[in-house]
Amino acid sequence: MNKRFFEQVVDVLAKNISTAETELKYTNPFTLLVAVVLSAQSTDVGVNKATQDLFKIASSPGDIINLGIDRLVSHVKTLNYYNTKAKNVLALSHMLADEFGGQVPQTREELVRLPGVGRKTANVVLNVAFNQPTIPVDTHVMRVAQRLGFTKHTRPEKVEADLEQLAEGNPHIHKIHHLFILHGRYTCKARKPLCAQCPLAAVCPNVQAV
DNA sequence: CTCCCGATAT
DNA sequence: ATATCAGGAG
């Protein structure tokens, strides 16, 4: 895979997508962490709807602990896997309070020790909250990367390695994952991609018939 | 590999 | 009616 093509794609996306638009809403590193944990297999709209009320009354590990599991569950009941997620959010709040002084750690090794936090969630927190140039590979990044031919792998860790190599030195390195996600969500959709109005249609090796 | 398990788009 | 949605743990 050549790096020129990757740079060309990122440039086109950067010109056509405003990353200030739709994204998970948060007020600090902790609420971002919670929002991302809640976002597994759920839409960002649904997550924002649930956290809008939750973060008003709970925006720190101590707040979540005081809230308790029952009221926490009631706030995330509309999300997929709500029981597991509520349990994880409460457990990670305890761990942050007990082992990290109530602060969200800034290394991937520490972040993935938290319950409900895997490599992808840790990468999002590092990128969005702490401005590190990670490339979280979620369902959108995976799909977009494969359709554009940036990787032949299916394991997220392999895809991440391929993308990191292509993104090395790229001026948009900090928002590449966000550009891919927004492109994947609104244009390069899983079921019915809008190739007819895609800014990358001319160069995409996998354009669907229009 | 399975389980988790609600809302939304198509 | 079903595929998909900012995945992680066992």
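The model shown is predicted, which means the values in this text are computed figures rather than measured ones. Convention: sequence-line order gives letters A, B, ...; per-chain numbering from 1.
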Quiz item: What interatomic distance, in whole Å, is found between P of B/dC4 and the corresponding atom of C/dA1?
Solution: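 After rounding to an integer number of Å, I get 24 Å for this pair.
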Quiz prompt | P-based separation of C/dG8 from B/dA7 [nearest Å] | solution = 22 Å
Exercise. Determine the contact category for A/Leu79: base if any of its heavy atoms lies under 4.0 Å from a base atom, sugar-phosphate if only primed atoms, P, OP1 or OP2 are that close, otherwise nothing.
Key: sugar-phosphate
Exercise. Look at the side chain of A/Tyr82 and decide which nucleotide, out of B/dC5, C/dC5, C/dG8, has an atom nearest to it.
Key: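 So the nucleotide nearest the side chain must be B/dC5.
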Quiz item: Between B/dA7, C/dG7, B/dC4, which nucleotide has the shortest distance from any of its atoms to the side chain of A/Thr84?
Solution: B/dC4
Say whether [X] and [Y], considering side chains only, have a donor N or O and an acceptor N or O under 3.5 Å apart.
X	Y	value
A/Asn206	A/Gln146	no
A/Thr31	A/Lys25	no
A/Asn127	A/His174	no

Any [X] side-chain N or O less than 4.0 Å from OP1/OP2 of [N]:
X	N	answer
A/Lys120	C/dA9	no
A/Thr121	C/dG8	yes
A/Thr139	C/dC5	yes
A/Arg143	C/dC5	yes

Quiz item: Between A/Tyr81 and C/dG7, do the rings stack, that is, sit under 5.5 Å apart with planes less than 30° off each other?
Solution: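 A/Tyr81 ring centre within cut-off of C/dG7 base, planes near parallel; stacks.
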Quiz prompt | Whether over 12 other heavy atoms sit under 6.0 Å from A/Glu168 CD | solution =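 At most 12 heavy atoms, drawn from other residues, nucleotides or ligands, come within 6.0 Å of this atom.
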